[in-house]
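In what follows, a structure is listed as structure tokens, so that the remarks can point back to it.
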Amino acid sequence: MIRPVILRRPWALEAGLFLVCVALPLVVVPPATLPFADAKPLFLTAGALLIWGSGIPTDQRLAVPAAALGGVSVIASILGVDPLESLYGTTRPVGLVMLVPALWIVV
């Protein structure tokens, strides 16, 4: 049976889900006008922090695999051929900047 969860800060959960589910897909920055200003990592990180701050309980069964995937990705990024590309990405925001908040949201 699924029990209802009482949140400490429900507004933070709503704001975080809005940033991740609505604002993040709508962010489009044309590369011709602003090549170095991409707001997707900012919105994803802010949304993940708001979801974490809402006090929603985490699923411990998913926490261990997500932490293992994140740890392996961090080690591979640091020891890889191009750590800057692995951590952030030079052409578009990929790598750990997008992976770590996404793993947090999954858990």
Side-chain angles (χ1 to χ4, degrees):
M1 180 174 165
I2 299 174
R3 295 180 294 148
V5 176
I6 299 173
L7 299 176
R8 294 188 303 250
R9 291 174 288 281
W11 60 268
L13 179 63
E14 291 173 3
L17 288 175
F18 175 79
L19 282 176
V20 171
C21 296
V22 177
L24 187 67
L26 293 177
V27 173
V28 176
V29 178
T33 58
L34 299 170
F36 300 109
D38 194 5
K40 285 187 185 258
L42 176 69
F43 282 174
L44 181 62
T45 305
L49 286 174
L50 283 169
I51 292 171
W52 173 71
S54 69
I56 193 166
T58 59
D59 188 359
Q60 296 302 318
R61 294 172 297 172
L62 292 176
V64 174
L69 177 62
V72 168
S73 298
V74 167
I75 292 169
S77 296
I78 293 171
L79 298 177
V81 175
D82 191 3
L84 179 64
E85 183 70 30
S86 297
L87 292 174
Y88 183 73
T90 54
T91 57
R92 61 184 190 272
V94 294
L96 294 180
V97 173
M98 298 294 275
L99 178 68
V100 171
L103 287 174
W104 178 258
I105 291 171
V106 165
V107 173

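Given the structure is predicted, the values throughout are model-derived calculations rather than measurements.
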- Nearest heavy atoms of L50 and A15, plus distance in Å: CD1-CB, 3.8 Å

- Message: Holding to side-chain contact (heavy atoms from CB on, under 4.5 Å), I want the full list of residues that pass it with L24, two or more places apart in sequence or in another chain.
- Response: K40, F43, L44

- Side-chain heavy atoms under 4.5 angstrom apart, residues restricted to Ile, Leu, Val, Met, Phe, Trp, Tyr: same cluster for L26 and F18? yes

Taking distance alone, no hydrogens or angles, what donor-acceptor pairs closer than 3.5 Å link side-chain atoms of residues 65-81 to residues at least two apart or in another chain?
| unit_1 | atom_1 | unit_2 | atom_2 | d |
| --- | --- | --- | --- | --- |
| S73 | OG | L69 | O | 2.8 |
| S77 | OG | S73 | O | 2.8 |

- Task: For A48, check side-chain contact (heavy atoms from CB on, under 4.5 Å) against everything at least two apart and list the hits.
- Result: P101, W104, I105

- Please tell me if the side chains of L13 and I51 come closer than 4.5 Å, counting only heavy atoms from C-beta onward. yes

